[in-house]
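Single-structure report; data block below.
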Amino acid sequence: MEKIRNSRILLLFSLLLICVLTGCGKNELSSKTYTVGVVNFNEYLDKIFFGFKKGLTEAGYTEGKNITFIYNGSRSKMSDLENDLQSFVDRKVDLIFSITTPATRKAKKMTAGTGIPVVFAPVFDPVESGIVQSLVKPGGNLTGIKVGGHSGKALDWLLKIAPDIKNISVPFNSKNRATVQSLQGLQQTADKVGVTLAVHEVNNKKELALLFEKLPDKTDALWLLNSHFLVKNTKLFVDAAIKHGLPLGSSTSQADGGVMVTYGQNASRTGELAAGLADKILQGVSPAGLPVEI
């Protein structure tokens with residue numbers, strides 16, 4: 001009896017080991033090939049797409065075997081992005097991954113009534129932007145990753161490094177919702193810590209460059225808000241900060257671009273989190289009930 005019992009234990013252990021090594025119990029993905037269309041409206045956020053692919057690879061998807069990505073690169077014109085989305089809708093892709101708020105808002109409009117799910121990342125405030133009904137219950141065909149709300153924390157960190165800052169020049173573009181929302185969060189913290197924000201409306205690269213040439217004398221620091229237009233011109237911010245000898249802060253995670261202090265999303269990790277939501281949707285879960293992750 002003792003030999004039989006030991007044999008059973010050995011057999012059970014062997015079966016468990018096989019399960020661990022072969023991944024039994026996981027969803028079988030190889031029986032179907034999925035097609036994912038990707039749209040991006042910010043050339044600096046390609047790392048999010050790379051993280052997205054990495055996350056799906058770790059979930060068991062293999063490009064060229066059971067998943068195909070259609071990505072024509074970041075777009076600078078909304079008309080090109082619309083063309084991408086229309087091609088995805090016509091092709092009836094299994095899922096669309098939208099990068100940035102403008103791309104996601106357009107994806108929502110163009111997939112309405114199609115049944116095509118959309119995962120977004122990053123969106124500064126998906127509720128205020130009209131993308132989802134709520135963070136807990138998105139309620140439509142979209143869900144994704146929210147990254148807003150870090151401006152105050154980023155300012156706190158900047159002040160730890162340069163505590164004498166009293167006046168910050170902040171280029172601003174009112175046409176971008178994320179910029180408006182980002183400024184609101186920054187202003188709230190600035191009011192609490194006694195820092196004055198000098199907000200300057202800029203509508204194009206020429207106006208931004210002119211502002212940096214003629215900064216107010218009392219400027220103690222520069223700030224880069226969340227915005228496709230502003231982030232696209234990160235180099236102008238960095239060059240101006242170096243030229244005038246000023247610290248530069250932001251919540252856009254542009255440390256690789258030369259920003260002195262940033263506090264915000266890790267682009268690759270954001271993509272990986274989005275991949276987790278995409279995996280659930282591809283396996284049959286409705287995005288309407290998948291909470292937006294923060």
Side-chain angles (χ1 to χ4, degrees), residues 29 33-89 91 93-108 110-111 116-124 126 129 131 141-148 176 178 226-232 234 251-257 262 264-283 287 290 292-294:
L29 302 175
T33 298
Y34 301 92
T35 300
V36 177
V38 182
V39 286
N40 176 13
F41 204 55
N42 190 325
E43 62 185 296
Y44 291 95
L45 295 180
D46 273 336
K47 288 183 179 180
I48 291 181
F49 174 50
F50 300 147
F52 182 71
K53 290 178 68 175
K54 177 185 176 185
L56 285 174
T57 297
E58 293 176 350
Y61 299 82
T62 302
E63 189 172 6
K65 181 180 179 182
N66 58 3
I67 194 166
T68 298
F69 298 99
I70 306 175
Y71 181 44
N72 298 316
S74 61
R75 296 302 198 181
S76 58
K77 295 180 180 179
M78 184 56 72
S79 59
D80 291 334
L81 188 139
E82 290 174 349
N83 290 336
D84 289 342
L85 286 168
Q86 188 59 58
S87 70
F88 299 159
V89 171
R91 186 166 175 169
V93 297
D94 297 291
L95 182 138
I96 292 175
F97 180 45
S98 61
I99 302 173
T100 75
T101 298
T104 301
R105 294 180 67 194
K106 186 61 65 173
K108 177 178 181 178
M110 296 186 68
T111 59
I116 297 175
V118 178
V119 172
F120 57 79
V123 168
F124 191 86
S129 297
I131 292 169
N141 65 315
L142 297 91
T143 189
I145 311 298
K146 177 184 182 298
V147 299
N176 186 287
N226 292 71
S227 161
H228 167 66
F229 160 64
L230 295 174
V231 171
K232 185 177 181 180
T234 296
S251 60
T252 61
S253 295
Q254 290 300 315
D256 290 345
T262 68
Q265 66 167 329
N266 177 296
S268 180
R269 180 56 181 159
T270 297
E272 292 177 38
L273 291 173
L277 293 172
D279 177 37
K280 292 177 182 178
I281 292 171
L282 292 176
Q283 297 310 305
L290 273 178
V292 173
E293 297 190 13
I294 302 174

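Scope of the values below: all heavy atoms of this structure, side chains included, with no hydrogens, waters or symmetry mates. Residue numbers count from 1 along this sequence.
- Here the OG1-OH distance, from T68 to Y61, works out to 13.0 Å after rounding to the nearest 0.5 Å.
- Side-chain atoms of N40 and T100, non-hydrogen and from C-beta on, do get closer than 4.5 Å to each other.
- Between R75 and N72, the closest heavy-atom pair is NH2-CB, 3.4 Å.
- Between the CG atom of N42 and the OG1 atom of T101 there is a distance of 10.5 Å, given to the nearest 0.5 Å.
- The nearest pair of heavy atoms linking A107 to V118 is CB-CG1, 4.2 Å.
- F52 meets the ring-ring contact (aromatic ring centres under 6.0 Å, His included) test with F97; sequence neighbours excluded.
- Listed by chain and number, the residues in a side chain to side chain contact (heavy atoms under 4.5 Å, CB included) with S76 are K232 (sequence neighbours excluded).
- Not counting sequence neighbours, the partners of K54 by the salt bridge (Lys or Arg N to Asp or Glu O under 4.0 Å) test are E272.
- F88 meets the ring-ring contact (aromatic ring centres under 6.0 Å, His included) test with no other residue; sequence neighbours excluded.
- Partners of S98 under the side chain to side chain donor-acceptor pair (under 3.5 Å) rule, at least two apart in sequence or in another chain, are T104.
- In this structure a side-chain-to-backbone donor-acceptor pair under 3.5 Å is missing from D279 to A275.
- Residues forming a ring-ring contact (aromatic ring centres under 6.0 Å, His included) with F229 (at least two apart in sequence, or on another chain): none.
- The two residues N66 and G60 make their nearest non-hydrogen contact at ND2-O, 3.3 Å.
- For the atom pair CG (L85) and CG (D80), the distance works out to 11.5 Å, reported to the nearest 0.5 Å.
- When all heavy atoms of S251 and N226 are compared, the closest pair comes out as OG-OD1, 2.9 Å.
- Residues satisfying the side chain to side chain contact (heavy atoms under 4.5 Å, CB included) test with P126, not counting sequence neighbours, are F120, V123, I131, V132, L135, K146, V292.
- D94 contributes no side-chain N or O that, together with a main-chain N or O of V36, makes up a donor-acceptor pair within less than 3.5 Å.
- Nearest heavy atom pair, residue V147 against residue P122, reads CG2-CB, 3.2 Å.
- The side chain to side chain donor-acceptor pair (under 3.5 Å) test applied to R105 returns no partner, not counting sequence neighbours.
- For the atom pair L142 CG and I116 CD1, the distance stands at 11.0 Å (nearest 0.5 Å).
- Annotation: side chain to side chain donor-acceptor pair (under 3.5 Å) contacts of N83 (sequence neighbours excluded): none.
- Legend: residues meeting salt bridge (Lys or Arg N to Asp or Glu O under 4.0 Å) with K53, ordered by chain and number and at least two apart, are E63.
- Note: I281 CD1 to I96 CD1 = 11.5 Å, rounded to the nearest 0.5 Å.
- Rounding to the nearest 0.5 angstrom, the gap separating the CD1 atom in I99 from the CG atom in L45 is 6.5 Å.
- For S227, the side chain to side chain donor-acceptor pair (under 3.5 Å) partners two or more places apart in sequence, or in a different chain, are T179.
- The two residues T270 and A121 have their closest heavy-atom pair at CG2-CB, 3.8 Å.
- With sequence neighbours left out, K106 forms a salt bridge (Lys or Arg N to Asp or Glu O under 4.0 Å) with E82.
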